[in-house]
There are 2 protein chains.
Amino acid sequence: MTDDDDRVFKALADPTRRFLLDLLFTREGRTLTELESEVEMTRFGVAKHLKVLEEAGLVVVRRSGREKLHFLNPVPIRLIHDRWIDKYTERHVTALVDLKNALEDET
Amino acid sequence: MTDDDDRVFKALADPTRRFLLDLLFTREGRTLTELESEVEMTRFGVAKHLKVLEEAGLVVVRRSGREKLHFLNPVPIRLIHDRWIDKYTERHVTALVDLKNALEDET
DNA sequence: TTGACATGTGACCTAATGGTCACATAACTT
DNA sequence: AAGTTATGTGACCATTAGGTCACATGTCAA
């Protein structure tokens with residue numbers, strides 16, 4: 001469990017991997033080749049990053065013939081949230097974040 | 001803003017730093033010396049970790065004489081959540097996590 | 001003001017990480 | 001069957017990150 005934690009946080013520590021999650025957040029079920037075209041990096045680098053994300057459970061894959069489809073799994077993200085934000089604090093924090101977003105939209 | 005992101009995720013990538021956040025989650029306003037006594041590491045290592053957490057905005061400090069009191073700031077954590085979990089998905093995920101916790105409590 | 005306490009800085013070493021490449025397997029297409 | 005497409009593996013190198021230490025500053029208490 002602690003090792004799982006570690007894999008998740010280590011996986012999130014790299015900007016390229018976070019960008020890959022962003023891509024899957026906007027549209028799921030993408031292949032390696034498709035993701036590769038969005039990133040300034042060789043296929044091998046991207047494959048390595050996807051493997052890290054998969055082993056962390058942040059990305060789930062489904063094979064379809066020779067293609068490998070990638071999906072974002074939000075559960076580990078929610079667990080990070082729950083680790084340091086209890087139900088009571090959550091209300092205050094969300095209010096604060098909403099306020100911050102509202103102010104930024106105005107300008 | 002992207003640099004801020006990077007600092008937050010890099011800060012969370014280390015197990016010692018996550019443990020320090022856990023300590024501050026249970027009780028805030030701790031000093032360096034106090035936190036040091038909870039960790040198998042020299043004072044210098046802990047100080048370095050706290051600096052990383054502070055620069056990431058995950059920890060906020062208040063000086064009191066020669067002491068430095070540390071507090072957990074949950075806002076960056078919430079922002080991580082909001083980045084990959086939209087309002088619609090949130091309901092499904094929280095239900096899933098609650099179910100998982102319920103099942104684990106039964107055993 | 002003298003000594004103990006709390007924290008800060010910069011150098012240094014080792015281990016882990018990100019990225020590329022040569023090579024390899026498996027599956028569609030014609 | 002042959003060529004093309006999609007992905008997998010292991011070695012390799014440059015860079016970053018975690019941890020310790022010698023040294024230094026600032027604060028409290030007697």
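Quick note on labels: first sequence line is chain A, next is B, and so on, each numbered from 1.
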If you measure from the Lys or Arg side-chain nitrogens to the Asp or Glu carboxylate oxygens, is any gap between K51(A) and E54(A) under 4.0 Å?
no

Which residue, T42(A) or S64(A), contacts DNA chain C at a nucleotide closer to its 5' end, judged by nearest heavy atom?
T42(A)

Please give, in whole Å, the distance from dA17(D) P to F9(A) CZ?
18 Å

In whole angstroms, the gap separating P of dA16(C) from CG of D14(A) amounts to 18 Å

Pair R30(B), H70(B): side-chain N/O donor-acceptor within cut-off below 3.5 Å
no

Rounded off to whole Å, could you give me the CZ-to-P distance for the R7(B) and dA17(D) pair?
12 Å

Is the shortest distance from a Lys or Arg side-chain nitrogen in R43(A) or E34(A) to a carboxylate oxygen in the other one below 4.0 Å?
no

Grab the CG-C1' distance between L50(B) and dG19(D) for me, whole Å please.
14 Å

Measure CE/M41(B) against P/dA17(D) and give the value in whole Å, please.
16 Å

Would you mind checking if R63(A) and E67(A) are paired as a salt bridge, meaning a charged N to carboxylate O distance below 4.0 Å?
no

N-O pairing of R78(B) and D82(B) below 4.0 Å
yes

Using atom CG of L53(A) as one end and atom C1' of dT17(C) as the other, report the distance to the nearest whole Å.
14 Å

Heavy atoms only, 4.0 Å cut-off, all strands: where does G45(A) land among base, sugar-phosphate and nothing?
base

Heavy atoms under 4.0 Å is the rule here; annotate nucleotides 1-12 of chain D 5' to 3' with B where the base is hit, S where only the sugar-phosphate is, and - elsewhere.
----BSBBB-B-

If only side-chain N and O atoms of H49(A) are considered, is one of them under 4.0 Å from the OP1 or OP2 phosphate oxygen of dG19(C)?
yes

Please report, rounded to the nearest Å, how far the C1' atom of dG18(D) is from the CD atom of E40(B).
16 Å

Could you check how far CG of L12(A) sits from P of dT17(C), rounded to whole Å?
14 Å

Check: D22(B) and W84(A) side chains under 4.5 Å, non-hydrogen atoms
yes

Going by an N to O cut-off under 4.0 Å, is there a salt bridge joining K10(B) and D14(A)?
no

